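Just below is one structure, and these are the notes that go with it.
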Amino acid sequence: ANCASSDFDFFYFVQQWPGAYCDTKQQRCCYPKTGRPAADFGIHGLWPNYNDGTYPSNCDPHSVFDRTQISEVLSSMQKHWPSLSCPSSNGLRFWSHEWEKHGTCSESELDQKEYFEAAIKLKEKANLLKLLNNAGIEANDEFYSLESIRNAIEEGIGFTPGIECNKDSAGNPQLYQIYLCVHTSASEFIKCPILPKGKCASNIQFPKF
Ligand code: 5GP
Ligand code: 5GP
Ligand code: 5GP
């Protein structure tokens, strides 16, 4: 992908399950300084992408993350976009990374404030945990078929999601990230032009958090 290009075809809106992030082999997690996040999916990122699966990154070195742009939505950011990496942080490092790597590639559509606000709105609109729970799929360490997870989300959103798994220290495949595709305006879900290549078994664990 050409990093100088500011054009793109669609977004991946990627959410992570904290129970899987914290349970992954050779990785520990640290709760944010603001406290243990809710047992809900959290935003990983809103990533400009091309239809062929490649993507631009770090498109504007002059556009640095500016925390004042998110001051009005700070509590929503902490709730919906917590950072679980170590050492414990207040999220700013994660958000700054996401803005500089991905957000700068959609500046033709959204400025910094609009970018973060759009991601929060998409998170609230999708409500993945509710869709799964309504289908009887709960974060209780049980195994569910990949198909049942995919179907529950497809019924709620209208489009097939991409699903990415990880393995815990015992080697169990787990539900880790869910990818939804979003129009370049960042306001509505669309059918994925290309699904990310997920490495999931046909039955996967939905770990507790
Ligand atoms: P990983 O190697 O863990 O799959 O991905 C590392 C990072 O590369 C992700 O956090 C994200 O920043 C970027 N990335 C991975 N896959 C994609 C993709 O399909 N589209 C975009 N836009 N970024 C991706
Ligand atoms: P993978 O082999 O998993 O597709 O990619 C490995 C890493 O290469 C990703 O984590 C990402 O950092 C980088 N990468 C793969 N495809 C692209 C692309 O189209 N654009 C950019 N900027 N990085 C990519
Ligand atoms: P990516 O390049 O994969 O979009 O972003 C991953 C980067 O964000 C890594 O440097 C990772 O350490 C950092 N990061 C901070 N908090 C989190 C988190 O809660 N989840 C993930 N996946 N990455 C995080």
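These numbers were taken from a predicted model, which means no experiment stands behind them. Order of appearance sets the numbers: ligands from 1, and atoms from 1 within every ligand.
Looking at Asn49 next to ligand 1, an N or O pair under 3.5 Å apart turns up. When only interatomic distances are considered, the shortest N/O to N/O separation between Gly53 and ligand 1 does not fall below 3.5 Å.
Phe65 has its ring centre no less than 6.0 Å from the ring centre of Trp95.
For ligand 3, the 4.0 Å heavy-atom shell contains residues Gln16, Tyr21, His44, Trp47, Pro82, Ser83, Leu84, Ser85, Phe94, His97, Glu98, Lys101, His102, Tyr176.
Of the residues listed (Tyr21, Tyr179, Tyr176, Phe94), the one engaging His44 in a ring pair (Phe, Tyr, Trp, His ring centres under 6.0 Å) is Phe94, and it is the only one.
Residue pairs meeting the disulfide bond (SG atoms under 2.5 Å apart) criterion with at least one member in residues 127-172, sequence neighbours excluded, are Cys165-Cys200. Sorted by first and then second residue, the salt bridge (Lys or Arg N to Asp or Glu O under 4.0 Å) pairs involving residues 130-143 (not counting sequence neighbours) form an empty list.
Not one N or O on the side chain of Lys208 forms a donor-acceptor pair closer than 3.5 Å with the backbone of Ala39.
Among residues two or more places apart in sequence or in another chain, the salt bridge (charged side-chain N to carboxylate O under 4.0 Å, His left out) test is passed with Glu188 by none.
Residue Tyr12 has at least one heavy-atom neighbour below 4.0 Å for each of these atoms of ligand 1: 19 (O), 20 (N). Near Pro48, meaning under 4.0 Å from one of its heavy atoms, ligand 1 places the atoms 22 (N).
Residues Asp66 and Gln112 bring no donor and acceptor atom of their side chains to less than 3.5 Å of each other.
Under the 2.5 Å SG-SG cutoff, Cys59 and Cys105 qualify as a close cysteine pair.
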